[in-house]
Amino acid sequence: MSTSAESRVSGLEVRSIDYVPLDERHGKLWHLGPLWFMSNAQIATLAVGLISITEGGNLIWSLLAIVAGTVLGTFFMAFHSAQGPQLGLPQMIQSRPQFGYVGALLVWLFAYVQYAGFNVFNSILAADSLHTTLHGGVHLWVVIVTVVALVIALVGYDIIHKAERVLTYTFLVIFGIFTVGVLVTLHYPAGAFDLGAFKWTPFLAQFGVVAGYQISWAIYVSDYSRYLPPDVTVRKTFYWTYFGSALGGIWLMVLGSLLAAWAGKDFDTIKSINAAGDKVFDGFGAIVLLFAALGLVSVTALNMYGGSLTLISAIDSFKRVRPTLGVRLLTIGLTAALSLIGALAATANFLTNFNNFLLLVLYLFIPWTSVNLMDYYVVRRGHYAIAEIFNPRGIYGRWGWHGIIAYLVGFAAMIPFFSVGTLYVGPAAKALGGADISLFIGLPVAALLYWWLTRSIDVAAETRIAQAEAQALEQAAHEHREP
């Protein structure tokens, strides 16, 4: 489905956390497919597929854990995507009805850490890829990757969508050939496909990291669907997001497991990709790495874009922010600078740090995604007074204790089940032999508690307020007077 906007903003994007008025809505629903496919189809995702192999699991059970974790984790992030066209808002600002005008800072802090953290890993991998193929020094390439990503993020929404579509088509060719080469030319250790060699701990570790990685995208998704017209259906928005993200994730994570099983203890993300590619024909490994670097630049731009929106949301909690290009430039620049400093200062031991980071993301965002989706689909059923989201004295209040309590209780319930390598293993996880099932605890606890706490909310009254404010909301958005 497509809509031609009557009034289309061109050039650098100006809007940030503010509502997108109806006559600026544009785009095609199917564009969500390649955007989320390519966001996942990059070699930072490949590294997610190594966990089971590195912890002693065999290949077949690693692959099954990847598929199962992706199927579950993507379910949640795709439902967030459907919120964008209906509300016309980026993702994280939508936390105010659950957590309050100021209380939402709790989750925004965690979100911003995630954006910065992923950018550190992404820019390091991109720089390593470019240094391996073109030389010049890793630090130099980190700077170049950061600058290019900053420019893409600054231009904004439309160029990000276009870049991901072009990269998707190129990916299908280059990584299609590479994947066939991996399947045909590489040899795997004995027992790699033995279904009788099941081990709970590496299986659940792989499952949890994969699910966490997919759920971690939940804080992005409405950012890239909010310009779509509201008459796109929830179902179709869900499908394009779900299958795009799931297919890209499974493809790259499976490649990661295959390469790790083949290389064994000698596995190194960049070197192993290069060596496996050269088995197709000499020099093909370099082609794969160069393209992989472009994919990492694009996802680094996504992180800067989302980080900027989150930072503006946080600032707006203390001082009203007027959406301007200058605000976007300042916050994107600050996000890029923090990511650059982190990448230049990063130490070795990439895989261990990345694994622990992914688990941290899972733990922090499980109760948030649970509360947010319960509120949108069950409690308020998509009915929000959008103007009140930007009103510090509005109906949603400064502190949304229902959401805060549900989040904290859900998180606390997960702690005994945490299993983060050598950093921390909770008592329940120890009793399960190191297996981490915290995902299955935090989701229902936070969701059910939030539902129980919000039974008294008068959704009909909120809907009447939304209807009364709708015309003024459109006018204010056109004049850029307020978010």
Side-chain angles (χ1 to χ4, degrees), residues 15-22 24-25 76 78-108 111 218-234 237-238 309-310 312-313 316-317 320-321 323 368-404 406-407 447 450-451 453-477 482-483:
R15 297 203 179 277
S16 56
I17 63 172
D18 49 322
Y19 167 76
V20 180
L22 295 178
E24 286 184 20
R25 304 296 185 90
F76 296 95
F79 267 121
H80 285 289
S81 183
Q83 297 170 341
Q86 304 308 313
L87 300 182
L89 296 174
Q91 190 67 63
M92 295 312 294
I93 200 71
Q94 298 174 29
S95 296
R96 278 181 176 167
Q98 302 98 54
F99 296 91
Y101 193 88
V102 176
L105 283 168
L106 171 72
V107 290
W108 293 342
I219 68 172
Y220 298 69
V221 281
S222 283
D223 298 354
Y224 299 100
S225 62
R226 74 190 198 276
Y227 280 89
L228 289 171
D231 58 350
V232 298
T233 65
V234 169
T237 307
F238 173 88
L309 294 174
T310 301
I312 294 171
S313 299
D316 187 68
S317 296
R320 295 298 298 274
V321 175
W368 169 79
T369 194
S370 188
V371 166
N372 184 266
L373 292 179
M374 175 60 75
D375 186 65
Y376 186 88
Y377 288 101
V378 178
V379 176
R380 290 186 166 97
R381 299 185 180 183
H383 299 294
Y384 293 87
I386 294 174
E388 295 297 300
I389 291 176
F390 299 99
N391 183 357
R393 292 173 294 279
I395 62 174
Y396 300 121
R398 293 178 64 81
W399 299 93
W401 292 111
H402 298 151
I404 293 171
Y407 178 93
Y450 183 76
W451 170 80
L453 291 171
T454 55
R455 290 173 299 164
S456 62
I457 289 179
D458 189 344
V459 178
E462 293 183 1
T463 302
R464 288 192 294 271
I465 293 173
Q467 292 171 345
E469 295 176 341
Q471 185 174 354
L473 174 69
E474 292 286 331
Q475 184 66 29
E482 56 186 38

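Numbering of residues begins at 1 and proceeds along the displayed sequence. Please read these numbers as outputs of a predicted model, since none were measured by experiment.
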### Message
Assess the residue pair Q83 and N372 against the criterion (side-chain contact (heavy atoms from CB on, under 4.5 Å)); give the C-alpha distance rounded to whole Å, side-chain angles, the decisive distance to 0.1 Å, and a yes or no.
### Response
CA-CA 10 Å; Q83 297 170 341; N372 184 266; 2.9 Å; yes
### Message
Between R226 and Y19, does the side-chain contact (heavy atoms from CB on, under 4.5 Å) criterion hold? Intermediate values first, please.
### Response
CA-CA 9 Å; R226 74 190 198 276; Y19 167 76; over 6 Å; no
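In this structure H80 satisfies the ring-ring contact (aromatic ring centres under 6.0 Å, His included) test together with W368, sequence neighbours excluded. Residues that satisfy the ring-ring contact (aromatic ring centres under 6.0 Å, His included) test with Y376, not counting sequence neighbours, are Y384. Applying the side chain to side chain donor-acceptor pair (under 3.5 Å) rule to Q467 yields no partners; only residues at least two apart in sequence or on another chain are considered. The ring-ring contact (aromatic ring centres under 6.0 Å, His included) check on W401 picks up W399, with sequence neighbours excluded. In this structure A466 satisfies the side-chain contact (heavy atoms from CB on, under 4.5 Å) test together with A385, sequence neighbours excluded. Judged as a ring-ring contact (aromatic ring centres under 6.0 Å, His included), and not counting sequence neighbours, the contacts of Y220 are Y115, W217. With sequence neighbours excluded, no residue forms a salt bridge (Lys or Arg N to Asp or Glu O under 4.0 Å) with E469. With sequence neighbours left out, R464 forms a side-chain contact (heavy atoms from CB on, under 4.5 Å) with A460, A461. Not counting sequence neighbours, the partners of I389 by the side-chain contact (heavy atoms from CB on, under 4.5 Å) test are L89, I93, R96, P97, Y396. With sequence neighbours left out, E462 forms a side chain to side chain donor-acceptor pair (under 3.5 Å) with R380. Take S81 and apply the side chain to side chain donor-acceptor pair (under 3.5 Å) test, not counting sequence neighbours, and it matches T241. For D223, there are no salt bridge (Lys or Arg N to Asp or Glu O under 4.0 Å) partners two or more places apart in sequence or in a different chain.
A distance of 11.5 Å separates OH in Y101 from CD in E388, rounded to the nearest 0.5 Å. Taking CG of L453 as the start and CE of M374 as the end, the distance is 11.5 Å to the nearest 0.5 Å. A distance of 6.5 Å separates CD1 in I404 from CG in L106, rounded to the nearest 0.5 Å.
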